[in-house]
Amino acid sequence: MRELKIYNTLKAEKEVFKPITEGFIGMYVCGPTVYDNIHLGNVRTFISFDMIYRYLLHLGYKVRYVRNITDAGHLTDHNTEDKITTKARLEQLEPMEVVQKYTVDFHEVLKQYNLLPPSIEPTATGHIVEQIEAIQTILESGIAYVVNGSVYFDVLKYNETENYGILSKQVIEYGIENTRELDGQSDKKNPQDFALWKKAEENHIQRWNSPWSVGFPGWHLECTVMSTKYLGSQFDIHGGGMDLKFPHHECEIAQAQVCNHKTPVNYWMHTNMLNLNGKKMSKSTGNSILPSEIYTGTNPLLSKTYSPSVSRFFMMQAHYSSILDLSDSALLSAEKGFLKLMNAIETLEQISAADISTYDVNALEEKCYAAMSDDFNTPILIAHLFDGVRIINSLKSGKESLNISDLEQLKTIFNIFVTDILGFISHKESNGNDLTNNIMELVLQLRGNAKKSGDFDTADLIRNELDKVGVQIKDGREGSSWEVK
RNA sequence: GGUAUCGUGGCCGAGUGGCUAGGCAGUGGUCUGCAAAACCAUCUACAGCAGUUCGAAUCUGCUCGAUACCUCCA
């Protein structure tokens, strides 16, 4: 199998990837908390991991991809209530209605962006029993304590024998004098401690029985429990957004370390943020844009609508680990580039083979694999694909030629990288309609006749009127063609 | 205050010690009835200062600036 390099946040360097079991990969990615519509920044993370998943599959690995849905336990800021519960109260819904509503939204959006579904999509509320068992284990190890029906993880005690901060490189602060505002109400021994179980207040709707209180699990615990359950106590890849690195992933490592006595994950991958107006998109600050606003064009920042494929292309033009800034002009240029790429693929279907090849298709394929195998470098891949686009257009005009096997190989390359790995789909499916094709053939023929007889008024009329309804005429050396814009 | 990442041409965005990334926009040309598309050519660059080196956008130090995390966020 081809060598693959992955930037491992845990080691802070690029490493050659070696799965625990040859040919198999266990991958866990933190999913959304379904208390609201996901915004485009959330989508970026899932698209990045979709691309990663697709490439791993393409390389021939059997991948078990687990991506959770957080439907309980995610606390709001400075509050004892969780996000789902808060939303349920605001919308006067059952918590599970909130969960259902936004889970459906999540899935619909990801479908628009052509994401493959994960192998398993577990929920926090479906694993309450496992979470309670894990808390018991941690309590028995003496790394957690019970206060007023809630259970907290003792970070300082853990840090005596283990390294809390191994992932985020944070150095925990001993002593409370360094902390900013210590919440007087808090049951915690230290502000760094985090909740494993919270006792439910009277008005808290989501609640389960436990040995300590009627309450609900802490946010960090679900990922530990579910990744362990489905991928084992040690697995290959754990991913998530950069903003989850600390404290969420740090806490996951600590919990798993106490429960299973081994480091849970070999490769930690963190995808970077999508910025809007120079700042991270965020639900809580309102600096965000919804996927639906992109394809309906309802956001004031956008001059027009953009298809999901265009925004997917826009994201793939940046490396997953870089911050990416969204703007109308960036989407506009992405759209042009995307159409150029997709048009070339259509053109490729019309190319006929020649006797000799004037271009090294093998070298192109090698470059594409090299780019992807170097920490999933999609911008470099796309640069190479545009090299292929240039060749395709030259093939059409006769400046380059390919023999039959090279031509087939070029088609395969585009199929693999554009469709299978980058996950782009042409949004011009309507071009394939037989009726439309036949009518357009006639129209082009009539216009061609008009041109031949010098009737350019008619020729231009046809071209202009078609342009108004979104069809572009392209006159080439060997005749005219058309496409839906 | 702590931790981390980053500062690349008109814009977006790769590269990380010597060899043109790429896309969009611009300019010149080919083609065209004209235009568009396409193709060819081409311009604008590595935040600043000092150091290491035969050679640095790439390594080191400092300065300035930006962002993220440290309290919920993909």
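The shown structure was predicted, so the numbers you read here are calculated from the model rather than taken from an experiment. In what follows, chains are A, B, ... by sequence order, proteins preceding strands, each numbered from 1. As a basis for the values below, the full set of heavy atoms in this structure was taken, side chains included, without hydrogen atoms, waters or symmetry mates.
- The nearest whole Å value for the distance from the OH atom in Tyr164(A) to the P atom in rC70(B) is 11 Å.
- The aromatic ring of Phe456(A) sits over the base of rG33(B), with ring centres less than 5.5 Å apart and planes inclined by under 30°.
- Between Asp387(A) and Tyr359(A), the side chains place a donor N or O and an acceptor N or O closer than 3.5 Å (distance only, hydrogens not considered).
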Between the protein and nucleotides 27-30 of chain B, which nitrogen or oxygen pairs are less than 3.5 angstrom apart?
none

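- Nucleic acid contact for Asp475(A): base, since at least one base atom lies under 4.0 Å from a heavy atom of the residue.
- Checked against side-chain hydrogen bond (donor to acceptor under 3.5 Å, both in side chains), Asn377(A) has no partners two or more places apart in sequence or in another chain.
- In terms of phosphate contacts, Lys169(A) brings no side-chain nitrogen or oxygen within less than 4.0 Å of OP1 or OP2 of rG2(B).
- Between the side chain of Asn287(A) and the backbone N or O of Lys279(A) there is at least one donor-acceptor pair closer than 3.5 Å.
- At the heavy-atom level, Gly454(A) lies nowhere under 4.0 Å from the strands shown.
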Exercise. Is there a side-chain contact (heavy atoms from CB on, under 4.5 Å) between Phe49(A) and Arg54(A) once you walk through the steps?
Worked result: CA-CA 8 Å; Phe49(A) 283 107; Arg54(A) 283 165 176 271; over 6 Å; no

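- At the heavy-atom level, Gly240(A) lies under 4.0 Å from the strands shown only through sugar-phosphate atoms.
- Taking the nucleotide of RNA chain B with the nearest heavy atom to each of Asp457(A) and His248(A), the more 5' of the two is matched to Asp457(A).
- Remark: Lys452(A) is not in phosphate contact with rG33(B), judged by side-chain N or O atoms under 4.0 Å from OP1 or OP2.
- Summarising the geometry, the separation between NZ on Lys280(A) and P on rU5(B) is reported as 18 Å, rounded to the nearest angstrom.
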Problem set entry | Letter per nucleotide, 5' to 3', of nucleotides 11-25 of chain B [B base touched, S only sugar-phosphate touched, - untouched; heavy atoms, 4.0 Å] | --SSS-----BSBSS

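- Ser168(A) comes within 4.0 angstrom of sugar-phosphate atoms only, judged by non-hydrogen atoms across all strands, and of no base.
- Within 4.0 Å of Gly165(A), counting heavy atoms only, lies no atom of the nucleic acid at all.
- Salt-bridge check for Lys111(A) with Glu108(A): failed, with every basic side-chain N at 4.0 Å or more from each acidic carboxylate O.
- Which of rC69(B), rC39(B), rG33(B) sits closest to the side chain of Gln170(A) comes down to rC69(B).
- When both pairing distances are held under 3.5 Å, rC69(B) makes a Watson-Crick or G-U pair with rG2(B).
- Side-chain atoms of Thr70(A) and Asn68(A) form a donor-acceptor pair, as typed in the model, at a separation below 3.5 Å.
- Across all strands shown, Met242(A) has no heavy atoms under 4.0 Å from either base or sugar-phosphate atoms.
- Where Thr271(A) and Gly278(A) meet RNA chain B, the nucleotide closest to each residue was compared, and Gly278(A) sits on the side nearer the 5' end.
- Salt bridge Lys245(A)/Glu250(A): absent, no basic N to carboxylate O contact under 4.0 Å.
- Among the candidates Thr45(A), Leu110(A), Leu290(A), the single residue satisfying the side chain to side chain contact (heavy atoms under 4.5 Å, CB included) test with Ile38(A) is Leu110(A).
- Put simply, the side chain of Arg390(A) and the base of rC40(B) share no donor and acceptor less than 3.5 Å apart.
- Only one option out of Asn37(A), Asn42(A), Asp36(A) pairs with His39(A) in a side-chain hydrogen bond (donor to acceptor under 3.5 Å, both in side chains); it is Asn42(A).
- Neither OP1 nor OP2 of rA38(B) sits under 4.0 Å from any side-chain N or O of Lys474(A).
- The line from OG of Ser119(A) to CG of Leu231(A) is 8.5 Å long, rounded to the nearest 0.5 Å.
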